[in-house]
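To start, the structure itself, in C-alpha cells.
On a predicted model such as this, the values are computed, not experimentally measured, just so you know. Proteins get letters first, then strands, A, B, ... in listed order; numbering begins at 1 in each.
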Amino acid sequence: MDLAMNSGFSHEWAAIWVNLILILAVLFAFSAMLSWIERRLLGLWQDRCGPNRVGPFGVLQIVADSIKLLTKEDWIPPFADRAVFVLAPAIVAVTTLLAFAVVPIAPGLGVVDLNIGLLFFLAMSSLGVYSIVLGGWASNNKYSLLGGFRAAAQMLSYEVFMGLALMGVVMLAGSFNLRDIVAAQENLWFCIPQILGLATFAVAGIAEARRLPFDLPESENELVAGFHTEYSSMKFGLFFIGEYVGITLISAMIVTLFFGGWLGPLLPPLVWFLLKTLIVIVCFVLLRAALPRPRYDQLMTYGWKVMLPVTLVNLLITGAVVLSAA
Amino acid sequence: MEATFYLSGLIAVAATLMVVTRASAVHALLYLIVSLLAVAIIFFVLGAPFVAALEVIIYAGAVMVLFVFVIMMLNLGKAAAVKEREWLSPGMWVGPSILSALLLAELIFILVQNVQDGQSVYGGTAISSGAVIDSKEVGIALFGPYLLGVELASLLLLAGLVGACHLGWHTDLRFGSHSASRSDGARS
Amino acid sequence: MWNSLKTMWIVFLHMFHRRATIQYPDEKPNIPPRWRGRIILSRDPDGEERCVACYLCAAACPVDCIALQATEDEHERRYPEFFRINFSRCIFCGYCEEACPTDAIQLTPDFEMGEYNRKNLVYEKEDLLIDGTGKYPGYNFYRVAGVTIGGKNKGEAENEASPVDPHSLLP
C-alpha cells in the first residue's frame, strides 16, 4: 500500500470519526437540554415558570441535575438480579443511540448511510423494549414487574403498526434508505399523501418512547415509578437519557419521513432539520402537558382496534394509488 | 468481512451453549437474544441485510419479548433454578451430546471435502462475490417462485389469528351468555 | 380525537396567561396580618411584659412545645422566669394565642425561620419578647384586671368599682 493512499485512507477515517463524535456530542447536549426545554415548556403551559434558577433562564439546570445524579448512592437492591439489573439501563441508551446512526441529518452529515436504514431503526427500537422489560423484572419488585409487563405488552402492540405505518412512505419513496426517502420528498412532503401514516406513526412513536399519554410502564401515580422504581444514581440517569434521546430520535424520524428532513428554502439544510425536529419535540411536550394517561385496556383497544385498522387502510390506499400511477 | 463472520459465528455458538446451560430462564433467554443478534450479523455479512433486519425485528425484537413476557409471569424463583440445575445432570447430557457430535462430525466432513475439492467453503456465496440481496429481490422471490409457500404460510397465520380470536372471545357470564364482553375481546 | 386536539389548543393558549408563580426570594409574597407564623411575646403599652405566666398556652399547646416557669417580682406581679418555645416542634396552630388571657403570646406573619442547626430553633424569652404591643395596641391587662400589684390597689382599675367594705353597715 503506498503512502498517498494510506494517508487518504486515514484522512477519510478521521473525517468519519469527527462526524461521529460531533453528532454524538450534539445529540447528548441536545437531549440534556431537552429536559430543561420540556420543564420550561410544561411550566409555560401550566402558568408556572419552570426551572429558572441555575444560570441564565435556568439553562444550566441539567448540569445541576447531573451533578446530583452522579453523587447519589449507586444502589443495587440485594433482592435484585444483579447482572440483568445493571444491563437493563445500558440497553436503552445503546439501542437509541445506535438507531440515531441512520438518521440523515443533512447532506453529507450523518453517521452511516444504510440501505436498510428504516428497518435498522425499527430493529433498534424493538430491541429497546428489553431494557424496560428486563429492568422491571430484575428489580424483583412488584411495581417494577407490573411496569415491565405493561411495557412488554404496550410496546409489542404498538410496534406492529409502527412498522406498518411506515410502509406507505416506503412505497412512495421506493426505498428503505432514509436519504432516498428524504430525496423523494423534493416536490411534496409525505405528510400530505401519508397523513394517516403520520398520525399512526406519531402515536406509535410516543408509545415506543414511553412518553406521557402512553407512559403506562412508568405511570408514577399508580406504580410508584414503574420499571425504574429501584434504580438510582446514574443507572436511573441512563434511563433518563435514553428517554430523551428516544424523543429526539422519534422526532427526527418523523421529520425525516414525513416533513422532508433537511429540505427547505433559504436556510441551510442543517438548520431546517434542527428546526423541524425542535417543533415536533415541542408538539410532543404539548401532548404531555394536555392529555391524560389512558387506562390500560383503553390503550390496548386503541392500539389494536383503531390504529392497526387505520394503518392497514392507509397501506391499501397507498398501494392502490402507487399501482394505478405505475 | 471474513473476520466478522467467524467472530459472530463464534458468538452465536457460545451464546447458544450458554442458553442450554443456564439455570435461570431469563438469563438463558438473554443469551438466546444475543445468539439471534449474532445470526443477524452473519446474515448481514453474507449480503442479506433485509433478512438480517427482519431477524432482529421479528425474532430478537418481538418473539423473544413474548418469551420474556411469559417467563416473567411464571414467577420462577430460586426453587426453579435448583430444579433446573438438577435436570442439568451429566446423565441428561449423554444422549443429546452424542447426536450433536454426530451432526458436527458430518458438518466437518462436508467442509473438509469441499476444501479438498478445491473450492472455498463459501465460494459461491455473497461473501466472496460481494453481491447484496436487497428487499426488492426478496420480495420478487417471495411473490414469484415461492408464491405458494407464502400463501400457505399466510393461511396458517390466518388460522392462528382466528383461533386466538376464538379463545380470547369471552362471553360475559354476568350479563347473560349472548352479550360478548367488549374489553375481553379487545385484550386478545 | 377532536376533544384531544381541543384540549391541546387550550393548553397551548395558556402560554399567554399570567404566571401564577411568585419568585419567592426575589419577590416577597403578600402575607395577611392574621397569618400564623413565628410566635412572639408582646409588651403592654407601658413597656412591661404582658405575660402573667398562667401556663394556659403550655396547656393548650397540642405538641407541648412551650415551656415556662412562673415567678413574681417584688410588687407581686407575675411574670415568666423563663419562657421557651421549641419551634422545631411547633405546628403553628395558634391555640396558644387563643388561650392567652392577656394577649401576650401572638403569632406573626413571619415564616422565614430556617436554621442550619436544629438547636437554634429553641427560642428563649429574650428571642421571643418584642418591644411593642403587637396586634392589640391599647390593651393592658393589669389596668383592667382587679389584681393588686405594686402602685395599684383593688378598685383602681378601669371601670372597676371600689371594693365593698364588709365591715361597713352601709349598703
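- Among the residues in residues 53-61 of chain B, those with a non-hydrogen atom closer than 4.5 angstrom to a non-hydrogen atom of chain A are B/Ala53, B/Val56, B/Ile57, B/Ala60, B/Gly61.
- Between A/Glu230 and A/Ser144, the side chains place no donor N or O within less than 3.5 Å of an acceptor N or O (distance only, hydrogens not considered).
- Nearest heavy-atom pair, A/Leu223 versus A/Thr229, reported as atom, atom and distance to 0.1 Å: O-OG1, 3.8 Å.
- Taking the six-membered ring where the residue is Trp, B/His27 and A/Trp137 present perpendicular rings, their angle passing 60° and hence far from 30°.
- Nearest heavy-atom pair, A/Ser139 versus A/Phe85, reported as atom, atom and distance to 0.1 Å: OG-CE1, 3.6 Å.
- The backbone N or O of A/Gly246 lies less than 3.5 Å from no partner atom in the side chain of A/Thr96, so there is not a single donor-acceptor pair.
- Within the 4.5 angstrom heavy-atom criterion, atoms from both the backbone and the side chain of A/Leu122 approach chain B.
- Residues forming a ring-ring contact (aromatic ring centres under 6.0 Å, His included) with A/Phe149 (at least two apart in sequence, or on another chain): B/Phe69.
- In this structure, B/Phe67 places its CZ atom where only 12 or fewer heavy-atom neighbours from other residues, nucleotides or ligands lie under 6.0 Å away.
- Note that CE of A/Met300 and CZ of A/Arg150 are 10.0 Å apart. Values are rounded to the nearest 0.5 Å.
- Looking at B/Val68, only its side chain comes within 4.5 Å of chain A, counting heavy atoms on both sides.
- Neither the backbone nor the side chain of A/Asn140 comes within less than 4.5 Å of any heavy atom of chain B.
- Interface with chain A: from residues 30-43 of chain B, residues B/Leu30, B/Ile33, B/Leu37 qualify, criterion being any non-hydrogen pair under 4.5 Å.
- The shortest heavy-atom contact between A/Ala123 and A/Ser126 is O-OG, 2.7 Å.
- Looking only at side-chain heavy atoms (C-beta outward), A/Tyr231 and A/Pro89 come within less than 4.5 Å of each other.
- Atoms CD and CE, from A/Glu208 and A/Met162 in turn, are 5.0 Å apart once rounded to the nearest 0.5 Å.
- B/Leu142 and B/Val150 make their closest contact through O-CG2, 3.4 Å (heavy atoms, listed as atom of the first residue, atom of the second, distance).
- In this structure, the ring of A/Tyr143 has its center no less than 6.0 angstrom from the ring center of A/Phe227.
- Contacts of residues 164-183 of chain A with chain B at a heavy-atom distance below 4.5 Å involve A/Phe176, listed in sequence order.
- Of the two parts of A/Val133, the backbone and the side chain both hold a non-hydrogen atom closer than 4.5 Å to a non-hydrogen atom of chain B.
- With a 4.5 Å cut-off on non-hydrogen atoms, A/Ile116 touches chain B through its side chain but not through its backbone.
- Annotation for A/Phe161 and A/Gly303: closest pair CE2-O, 3.7 Å, computed over non-hydrogen atoms.
- Remark: of the listed residues A/Phe214, A/Tyr302, A/Trp304, A/Phe214 is the sole one forming a ring-ring contact (aromatic ring centres under 6.0 Å, His included) with A/Tyr158.
- In terms of heavy-atom pairs under 4.5 angstrom with chain B, the leader among A/Leu156, A/Val160, A/Val84 is A/Leu156.
- Heavy atoms only, all atoms of each residue included: A/Phe201 and A/Ile250 are closest at CE2-O, 4.5 Å.
- If you tally non-hydrogen atom pairs under 4.5 Å between each of A/Leu127, A/Leu145, A/Val129 and chain B, the highest count goes to A/Leu127.
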